[in-house]
Amino acid sequence: MDPKYFELLEEARRALPDGFKAELSGDIIVMQASPSAIHQLNLSKIRKQFDAHTPAGYIDTGNTDLESPQTAKVRNPDLTYLPEESMATMESSVPAELALIAVEIVSPSNPENDWVGKLRDYPLMGIPLYLVVDARQKTVALFSEPENGRYRMREDADFGEPIHIPSPFSFTLETNALRPY
């Protein structure tokens, strides 16, 4: 990946006011405001369920840069699970292919980032599972089996319906406590 993109990303982050974050998708820098309280509430409800089924040696983390130099992408999911040892670094990013999943709560101000940009980027970055929670539409979508730059499988559920999360988590995510926007 061209180092100038990382320099531009870091420059953008320094210039942003508090409460904003920036990501890199190829040669595009995506900036958005920090999430709302209801966004964080939904994320907490999801995190608690995943935490109970996390494989040994992995930890939950939010707002950690996942870097994929071969695809020129740096993405920052709302929630991911990484090997604990990968977080024992002073670097600002972790290799994306180490992530077990990327979880995104769709932003009402920029839904295309989660439904288009990240759906395009995450399989290219080698992230095996992508969970999209859209509180605007009261839906949850799980994408899996990345192959040839896209996810081959998709499972959908409405809020209130369970959705199966495959290995290495292997549990049923309950969505009845999620709150719509």
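The figures that follow rest on heavy atoms only: side chains count, while hydrogens, waters and symmetry mates do not.
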Worksheet entry | Val106 with Ile127, same ILVMFWY side-chain cluster at under 4.5 Å | yes
Item to complete: Quick one: do Leu119 and Tyr151 satisfy side chain to side chain contact (heavy atoms under 4.5 Å, CB included)? Show the steps, please.
Response: CA-CA 8 Å; Leu119 183 56; Tyr151 288 110; 3.9 Å; yes
Worksheet entry | Over all atoms of both residues, closest heavy-atom pair of Pro180 and Lys138 | CB-CG, 3.5 Å
Worksheet item: Taking atom CD of Glu84 as the centre, does the number of heavy atoms from other residues, nucleotides or ligands within less than 6.0 Å exceed 12?
Response: no
Worksheet item: Just wondering, do Tyr81 and Val103 contact through their side chains at under 4.5 Å, heavy atoms?
Response: no
Practice prompt. Assess whether atom CG of Asn148 is packed by more than 12 heavy atoms of other residues, nucleotides or ligands within 6.0 Å.
Written response: no
Response to the item:
side chain to side chain contact (heavy atoms under 4.5 Å, CB included) filter on Leu82, not counting sequence neighbours, yields Thr61, Thr64, Leu66, Thr80, Ser86, Met87, Val94, Leu98, Ala99
Worksheet item: Leu41 and Ile105: same hydrophobic cluster, using ILVMFWY side-chain contacts below 4.5 Å?
Response: no
Discussion item. How long is the straight-line distance from CG of Asn76 back to CD of Glu104, given to the nearest 0.5 Å?
Written reply: 8.0 Å
Discussion item. Show me the pairs that pass salt bridge (Lys or Arg N to Asp or Glu O under 4.0 Å) and involve residues 94-103, at least two apart or across chains.
Written reply: none
Worksheet, complete the sentence: To the nearest 0.5 Å, atom CG of Leu129 lies from atom CE of Met153 at 12.0 Å
Worksheet item: Taking only residues two or more places apart in sequence, or in another chain, which ones meet His53 in a ring pair (Phe, Tyr, Trp, His ring centres under 6.0 Å)?
Response: Phe171
Discussion item. Rounded to the nearest 0.5 Å, what separates atom CD in Glu174 from atom CD1 in Ile163?
Written reply: 11.0 Å
Item to complete: For residues Leu43 and Val133, determine if any side-chain heavy atom of one lies less than 4.5 Å from a side-chain heavy atom of the other.
Response: no
Worksheet item: In chain order, what residues pass the side chain to side chain contact (heavy atoms under 4.5 Å, CB included) check against Pro55, with sequence neighbours excluded?
Response: Tyr58, Leu100, Pro168, Phe169
Worksheet entry | Flag side-chain contact, heavy atom, 4.5 Å: Val140 against Leu131 | yes
Item to complete: Would you list the pairs meeting salt bridge (Lys or Arg N to Asp or Glu O under 4.0 Å) in which at least one residue belongs to residues 153-168, sequence neighbours left out?
Response: Arg154-Asp156
Discussion item. Check for me, please, whether Tyr181 and Leu178 land in the same ILVMFWY cluster - side-chain distances under 4.5 Å, paths through other members count.
Written reply: yes
Item to complete: Would you mind reporting whether Pro162 and His164 have side-chain heavy atoms less than 4.5 Å apart?
Response: no
Discussion item. Holding to salt bridge (charged side-chain N to carboxylate O under 4.0 Å, His left out), I want the full list of residues that pass it with Glu147, two or more places apart in sequence or in another chain.
Written reply: Arg152
Fill in: Residues clustered with Leu124, ILVMFWY side-chain links under 4.5 angstrom
none
Worksheet item: Any idea which heavy atoms bring Tyr122 and Ala102 closest together, and the distance?
Response: CE1-CB, 3.5 Å
Worksheet entry | Residue list, salt bridge (charged side-chain N to carboxylate O under 4.0 Å, His left out) with Arg136, at least two apart or on another chain | Asp134
Worksheet entry | Results of side chain to side chain contact (heavy atoms under 4.5 Å, CB included) for Pro128 - residues two or more places apart only | none
Practice prompt. First locate atom CD of Glu67, then atom CD of Glu91, and finally report the distance between them rounded to the nearest 0.5 Å.
Written response: 8.5 Å
Worksheet, complete the sentence: Value for CD (Gln70) from CE (Met125), rounded to nearest 0.5 Å, stands at 8.5 Å
Discussion item. Taking the side chain as everything from C-beta on, heavy atoms only, tell me whether Pro166 gets closer than 4.5 Å to Leu142.
Written reply: yes
Worksheet item: Can you name the residues that form a salt bridge (charged side-chain N to carboxylate O under 4.0 Å, His left out) with Asp60, not counting sequence neighbours?
Response: Arg47
Worksheet item: What's the verdict on side chain to side chain contact (heavy atoms under 4.5 Å, CB included) for Arg75 and Asn113, showing C-alpha distance, side-chain angles and the deciding distance?
Response: CA-CA 10 Å; Arg75 287 299 199 161; Asn113 190 38; 2.8 Å; yes
Worksheet item: Quick check: does any side chain N or O of Ser68 sit under 3.5 Å from a backbone N or O of Ala96, one acting as donor and the other as acceptor?
Response: no
Discussion item. Measuring from atom OG1 of Thr54 to atom CD of Gln49, what distance do you get when rounded to the nearest 0.5 angstrom?
Written reply: 11.5 Å
Worksheet item: Tell me, do Phe143 and Val132 make a side-chain contact under 4.5 Å, heavy atoms counted?
Response: yes
Worksheet item: Going by the ring-ring contact (aromatic ring centres under 6.0 Å, His included) test, which pairs reach into residues 87-115, not counting sequence neighbours?
Response: none
Item to complete: With sequence neighbours excluded, tell me which residues meet side chain to side chain donor-acceptor pair (under 3.5 Å) with Tyr130.
Response: none
